[in-house]
*Asks:* 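Before we start, here is the structure in question, set down as C-alpha cells.
In each ligand, atom 1 is the first atom listed, and ligand 1 is the first ligand listed. What's counted below: heavy atoms across the whole structure, side chains too, no hydrogens, waters or symmetry copies. Numbering starts at 1 and runs along the sequence shown. Please read all numbers here as calculations on a predicted model, not as lab measurements.
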Amino acid sequence: MSEKTHPLITVVGAGISGLNVVYCLTELYGVPGENICVVGDYLPGDQSANGYSSPWAGGNFSCISPDDKNVIWYDKFTYQNLPSLTKKLLEFYKGKDEEWLGLARRPSTELWDFQPSEAKINSWSQYLDGYNVLTKDQLAKFQPKGAVFGITFKTFNFNCPVFLVNFAEFLKGKHGVSFVKDRLTHIAQAKTYANKASKKNNSKHIVFNCTGLGSKELGGVADHNLHPTRGQVVVITAPHVAENCLRWGKDYATYIIPRPGKLHELVLGGFLQVDNWNAQDTSREETEDILKRTTTLLPKIGDPGELPILKVAAGLRPSRYGGPRVEKEVKEAEKGLVVIHNYGASGYGYQCGLGMAFKAVSLAFSEQRDSKL
Ligand SMILES: Cc1cc2nc3c(=O)[nH]c(=O)nc-3n(C[C@H](O)[C@H](O)[C@H](O)COP(=O)(O)OP(=O)(O)OC[C@H]3O[C@@H](n4cnc5c(N)ncnc54)[C@H](O)[C@@H]3O)c2cc1C
C-alpha cells in the first residue's frame, strides 16, 4: 500500500483488543503510526472494575474457547503469532526478557469432566506445542476423580496489567501512535480524534470499535447481545508453582495460572457468572471455594489456610450471545463512515485477540486487497 492511500484511523478502546488492532495495522499492514489514534476512557496502566476487562485477566492461553469455528481459528492464529509478537517487542526493549515483558511460556495441564468436541481436539492437536493426551491412569491421579479427558502442552502466560503497558509503549515508541483518554457517547465521535492527532489532511477515515462491554451502551452500536460473565480470583505469591492447571466441569471452572515476573504471582480461580455485573465486591465464600478447589487440583500450591494472599479481585468478561463480533459496517447516516467492530471476546480476549484483530484489519482493507488479486 503506498503512503498516499493510508487512511486516518481511530481505534476506540485501549484494552487488549484495541492494542492488537494497532499492532496488526502497523506491523502487518504497514500503516504509519502517526495516522492512528487510540481513544479510551481507560488506558493501559488504569484499572476499573466495570469498564476495563483487560487488566483483570489471569491470563493465559487455555482451551476455554467455545466450539464456534471462527473462535477456533482466532485461537490458532493467535497462538501461532504470539512468538513473533514477543520477538518484536523484545527487539524494541533491548536487554529485557519475557518475564519483564509480561508474556512468557509455561507448561499447562487441562482436564475435562466431559468430552470436548472433536473440532476443538483436532484443531489443538495441529498446533499446540508439545500437545499430549493424558492416559486413563494419568487422569486418575487428579482430584476430584471424574476427569474423562486431559492434555498437556506449552502455553503462553500474560502478566496482563504489565503487558498492556509494555504493549502500548511499544506502539507509541516504535510507531508514534497517539493515545487519548476520553469517553465517547456515540461511535461517530471517533472520527475527530485521528484528525486532531495527525498532521495529515486525509479524507478517508476508518474507525475500529474495540470497546468490549462498552458497546452495550455506546450510541450507534448499542449491542444488547453483550453481557458480563463475572469472575473472582485470588492472587497469591508462589515461586514454587510455575505451571498452569485448569479443570473444566459442566458448571464450574477451576484454574491455576502463574503470572510472569519477579513477584511470582499465582492467579487462582474461578467463577463464570453470566449476567452478574458486580465487579466491585468480592465474596469470602467464593474465595474459600476457590482456595479449596485449586489446592485439591494441585496440592503442591500448599495448605489453603496458609497461603500468602496478595489480593482478591473480581472482573467482568465481555461476553456476547452469538460470539465475538468482528464485522464491517458502513454507516450511511454518518456520511458513509466505515466502522469495523472487534469486541465480545468473553474469557478469551488474550488468547484469540490477535486472530480477531487480524480479521478486523483485513475487513478494513478488503477493497485494496481484493483489487490487488
Ligand atoms: C477474571 C477474568 C479472567 C480472565 N482470564 C483470561 C485468560 O486467562 N485468558 C484470556 O484470553 N482472557 C481472559 N479474560 C478475558 C479478557 O480479559 C477479555 O476478553 C479482554 O480483556 C477483553 O479486552 P477488550 O479490549 O475487548 O475489552 P476491555 O479490556 O474491556 O477494553 C475496553 C476498552 O474500551 C474502552 N471503552 C469502552 N467504552 C468506551 C466509550 N464509550 N468511550 C471510550 N472508550 C470506551 C475502555 O475504556 C477500554 O479502554 C479474563 C477476564 C476476566 C474478567
*Asks:* Less than 6.0 angstrom separating the ring centers of Tyr93 and Trp100, yes or no?
*Replies:*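 Between Tyr93 and Trp100, the centre distance is under 6.0 Å.
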*Asks:* Can you check side-chain hydrogen bond (donor to acceptor under 3.5 Å, both in side chains) on Thr229 and Ser319, steps first, answer last?
*Replies:* CA-CA 6 Å; Thr229 301; Ser319 302; 2.7 Å; yes
*Asks:* When only distance counts, is Gly58 in polar contact with ligand 1, meaning an N/O pair under 3.5 Å?
*Replies:*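 Yes, since at least one N or O of Gly58 sits under 3.5 Å from an N or O of ligand 1.
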*Asks:* With Asn244, which of Leu266, Thr152, Ile256, Asn157 fulfils side chain to side chain contact (heavy atoms under 4.5 Å, CB included)?
*Replies:*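 Exactly one candidate clears the test, Asn157.
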*Asks:* Which ligand 1 atoms does Ser346 reach within 4.0 Å, using its non-hydrogen atoms?
*Replies:* 15 (C), 16 (C), 18 (C), 19 (O)
*Asks:* Of the protein's non-hydrogen atoms, which lies at the shortest distance from atom 2 (C) of ligand 1, and what is that distance?
*Replies:*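 For atom 2 (C) of ligand 1, the nearest protein heavy atom comes out as Trp56 O, 3.6 Å.
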*Asks:* Quick check with a 6.0 Å cut-off and a 45 degree axis cone: is Lys88 positioned over the face of Phe170's six-membered ring?
*Replies:*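 No, Lys88 does not sit over the ring of Phe170.
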*Asks:* Which of the numbered atoms in ligand 1 are below 4.0 angstrom from a heavy atom of Cys210?
*Replies:*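 Answer for ligand 1: 32 (C), 33 (C), 34 (O).
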*Asks:* Any idea which atoms of ligand 1 are less than 4.0 Å away from a heavy-atom of Ala345?
*Replies:*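 It comes down to these atoms of ligand 1: 19 (O).
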*Asks:* Does any N or O of ligand 1 fall below 3.5 Å from an N or O anywhere on Ser53, backbone included?
*Replies:* yes
*Asks:* Heavy atoms only: which of Ala57, Pro318, Ser215 is nearest to atom 4 (C) of ligand 1?
*Replies:* Ala57
*Asks:* Indicate whether the side chain of Asn60 and that of Thr155 have a donor and an acceptor atom separated by less than 3.5 Å.
*Replies:*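 No donor-acceptor contact under 3.5 Å links the two side chains.
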*Asks:* Between Asp113 and Arg247, is there a salt bridge with N-O shorter than 4.0 Å?
*Replies:*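 Yes.
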*Asks:* I'd like to know if the side chain of Asn209 pairs up with that of Ser215 as donor and acceptor (distance under 3.5 Å, no hydrogens or angles considered).
*Replies:*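 Yes, a side-chain donor-acceptor pair sits under 3.5 Å.
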*Asks:* My understanding is that we take every heavy atom of each candidate and find the minimum distance to atom 23 (O) of ligand 1. Doing that for Gly15, Gly349, Ser54, which one comes out nearest?
*Replies:* Ser54
*Asks:* I need the atoms of ligand 1 closer than 4.0 Å to a non-hydrogen atom of Gly59, numbered in the order shown.
*Replies:*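 Counting atoms of ligand 1 from 1, those under 4.0 Å from Gly59 are 7 (C), 8 (O).
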*Asks:* Test side chain to side chain contact (heavy atoms under 4.5 Å, CB included) on Thr109 and Phe142 and set out the steps.
*Replies:* CA-CA 11 Å; Thr109 303; Phe142 289 94; 4.0 Å; yes
*Asks:* Using heavy atoms and a threshold below 4.0 Å, how should the contact between Leu43 and ligand 1 be classified: side chain, backbone, both, or neither?
*Replies:* neither
*Asks:* Regarding Asp223 and Tyr343, do their side chains bring together a donor and an acceptor under 3.5 Å, going by distance alone?
*Replies:*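 Checked: Asp223/Tyr343 side chains pair up, N/O donor to acceptor below 3.5 Å.
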*Asks:* Just to check, does Leu213 reach to within less than 4.0 Å of ligand 1 when the distance is taken from its heavy atoms?
*Replies:*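 Contact check Leu213 vs ligand 1: negative.
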*Asks:* Decide whether an N or O pair under 3.5 Å exists between Gly315 and ligand 1.
*Replies:*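 For ligand 1, there is no N or O atom that lies under 3.5 Å from one belonging to Gly315.
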*Asks:* Which protein heavy atom lies closest to atom 9 (N) of ligand 1, and at what distance to 0.1 Å?
*Replies:*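 Of the protein heavy atoms, Asn60 O, 3.0 Å lies nearest.
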*Asks:* I need the nearest protein heavy-atom contact for atom 37 (C) of ligand 1: residue, atom name and distance, please.
*Replies:*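 For atom 37 (C) of ligand 1, the nearest protein heavy atom is Thr211 O, 3.4 Å.
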*Asks:* Please confirm whether Ser17 comes within less than 3.5 Å of ligand 1 when only nitrogen or oxygen atoms on both sides are compared.
*Replies:*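 Min N/O separation from ligand 1 is below 3.5 Å for Ser17.
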*Asks:* Going by the atom numbers of ligand 1, which of them fall below 4.0 Å from some non-hydrogen atom of Leu184?
*Replies:* 40 (C), 41 (N), 42 (N), 43 (C)
*Asks:* Should Glu285 and Lys292 count as an ion pair when the cut-off is N to O under 4.0 Å?
*Replies:*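 No, no charged N to carboxylate O under 4.0 Å.
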*Asks:* Could you list which atoms of ligand 1 come closer than 4.0 Å to a heavy atom of Ala14?
*Replies:* 33 (C), 48 (C), 49 (O)
*Asks:* Do Val22 and His175 have side-chain heavy atoms sitting under 4.5 Å apart?
*Replies:* no
*Asks:* Just need the protein heavy atom nearest to atom 48 (C) of ligand 1, so name the residue and atom and give the distance.
*Replies:*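 Of every protein heavy atom, Tyr52 CD1, 3.7 Å lies nearest to atom 48 (C) of ligand 1.
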*Asks:* Take the angle between the ring planes of Phe61 and Tyr127 and call it parallel below 30°, perpendicular above 60°, tilted in between.
*Replies:*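 The arrangement is perpendicular - the two ring planes meet at more than 60°.
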*Asks:* Using the six-membered ring of Phe158, assess whether NZ or CZ of Arg259 lies under 6.0 Å from its centre and within 45 degrees of the ring axis.
*Replies:* no
*Asks:* Check this for me: does any side-chain nitrogen of one of Asp41 and Arg183 sit under 4.0 Å from a carboxylate oxygen of the other?
*Replies:* yes
*Asks:* For atom 44 (N) of ligand 1, what is the nearest protein heavy atom, given as residue, atom name and distance?
*Replies:* Asp41 N, 3.2 Å
*Asks:* What protein heavy atom sits nearest atom 27 (O) of ligand 1, and how far off is it?
*Replies:* Gly212 CA, 4.0 Å
*Asks:* Provide, to 0.1 Å, the distance between atom 12 (N) of ligand 1 and the closest protein heavy atom, together with that atom's residue and name.
*Replies:* Gly347 O, 3.1 Å
*Asks:* Between Tyr350 and ligand 1, does any nitrogen or oxygen pair lie at a separation below 3.5 Å?
*Replies:* yes
*Asks:* Which bit of Leu218 gets closer than 4.0 Å to ligand 1, counting heavy atoms only: side chain, backbone, both or neither?
*Replies:*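 The part of Leu218 near ligand 1 is the side chain, not the backbone.
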*Asks:* Below 4.0 angstrom from a heavy atom of Gly214, which ligand 1 atoms are there? Numbered from 1 as shown, please.
*Replies:*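 Answer for ligand 1: 37 (C), 38 (N).
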*Asks:* Is any side-chain heavy atom of Phe77 closer than 4.5 Å to a side-chain heavy atom of Lys359?
*Replies:* no
*Asks:* Report, in ascending order of atom number, the atoms of ligand 1 lying under 4.0 Å from any heavy atom of Gly51.
*Replies:* 30 (O), 46 (C)
*Asks:* Of the protein's non-hydrogen atoms, which lies at the shortest distance from atom 43 (C) of ligand 1, and what is that distance?
*Replies:*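 Scanning the protein heavy atoms, the shortest distance from atom 43 (C) of ligand 1 goes to Asp182 O, 3.4 Å.
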